[in-house]
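Report on the following structure.
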Amino acid sequence: MSRSGRLFLLMDAMRGKRVPVTAAVLAQQLGVSERTIYRDIQTLAELGAPLQGEAGIGYVLRKGVFLPPLMFGADELEALVLGARWVRRQGDADLAQAANKALAKIAAASPSDLRDSMAGTSLWVPLGRPADGSEVADRFVQPVRVAIRHEQKITMGYADEHGAATERTVWPFALAYFEGKRLLAAWCELRGDYRHFRIDRIASVDSGERYPTRRHALLKVWREKYDIDPED
């Protein structure tokens, strides 16, 4: 393995870790000696990587703007491109544009051979209507998603499974993307409990004030209530 490739792997090994990782652990993970790890840590520090730690205790990457050229394996590239292509067909123009920009940034920070690989990925997400012929009410996906991000209440006109019109004020905290359907998870003020709403049954959406509970707290209780794995 080249030294540059090893530096990328070392960054990946530390990225996202909240506690220091010792040189011994890093050496075992990368299949090199601890002495090599110490030399590579010094090199990364000289390049401007926001490293914190010391020998014998461990190292951790602090939050910072350091972003070396990115390197991905073939499977990682295909996952990124396929995921972005899937996002582009989910009825949210802002997310579609964001997916395109994200791929462009990744390509710009990658060696030219990886840019070529991304352009040549032969995994595609079919376009067109879902198999059941239903259509998603695309115009409500984006405002609901923004309300979730900002922890805002929304008041929405909604039709139940029998078509009866109702108005609900809810605290939205999660949005699930199924094939042909979008499902909103929220705390419903009318019912005083968690409820799920299909986006294609929404007739109107108005965002309001921030709801009094943090989104992650709502999400935690909801997962426990419905036995949902946090990794799903």
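If you read the sequence from its start, that first residue is 1, and numbering goes on from there. All figures in this text were calculated on a predicted structure; none of them were measured in a lab.
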Would you please name every residue forming a side-chain contact (heavy atoms from CB on, under 4.5 Å) with Asp94, sequence neighbours left out?
-> Asp92, Gln142, Arg145

State the OG-CZ distance between Ser204 and Arg139, to the nearest 0.5 angstrom.
-> 9.5 Å

Can you check whether Ile57's main-chain N or O pairs, donor with acceptor, with Thr22's side chain at less than 3.5 Å?
-> no

Would a line drawn from the ring center of Tyr211 to the ring center of His150 be shorter than 6.0 Å?
-> no

Which residues pass the salt bridge (Lys or Arg N to Asp or Glu O under 4.0 Å) test with Glu189, sequence neighbours left out?
-> Lys153

Does the side-chain contact (heavy atoms from CB on, under 4.5 Å) test come out yes or no for Ile154 and Asp206, once each step is laid out?
-> CA-CA 5 Å; Ile154 58 173; Asp206 290 309; over 6 Å; no

Under 4.5 Å between side-chain heavy atoms, chaining through other members, with only Ile, Leu, Val, Met, Phe, Trp and Tyr counted: pull out the rest of the cluster around Leu183, sorted by chain and number.
-> Phe178

Are the aromatic rings of Phe173 and Tyr194 close, with centres under 6.0 Å apart?
-> yes

Smallest separation among heavy atoms of Leu80 and Leu103, with atom names = O-CD2, 4.1 Å

Who passes salt bridge (Lys or Arg N to Asp or Glu O under 4.0 Å) against Arg214, sequence neighbours left out?
-> Glu151

Output the distance between atom CZ (Arg182) and atom CD1 (Ile199), rounded to the nearest 0.5 Å.
-> 9.0 Å

Taking all atoms of both residues into account, what is the closest heavy-atom pair of Gln152 and Val146, and its distance?
-> OE1-O, 4.5 Å

Starting from the C-alpha separation in whole Å, work towards a yes-or-no answer on salt bridge (Lys or Arg N to Asp or Glu O under 4.0 Å) for Arg198 and Asp200.
-> CA-CA 5 Å; Arg198 282 175 43 173; Asp200 58 323; 2.7 Å; yes

Contacts of Tyr59 meeting ring pair (Phe, Tyr, Trp, His ring centres under 6.0 Å) (sequence neighbours excluded), chain-then-number -> none

Answer yes or no: are there more than 12 heavy-atom neighbours, outside Asp75 itself, under 6.0 Å from its atom CG?
-> no

Taking salt bridge (Lys or Arg N to Asp or Glu O under 4.0 Å) as the test, write out the residues that go with Glu46, two or more places apart.
-> none

Atom CG of Leu95 and atom CG of Asn100: how far apart are they, to the nearest 0.5 Å?
-> 11.0 Å

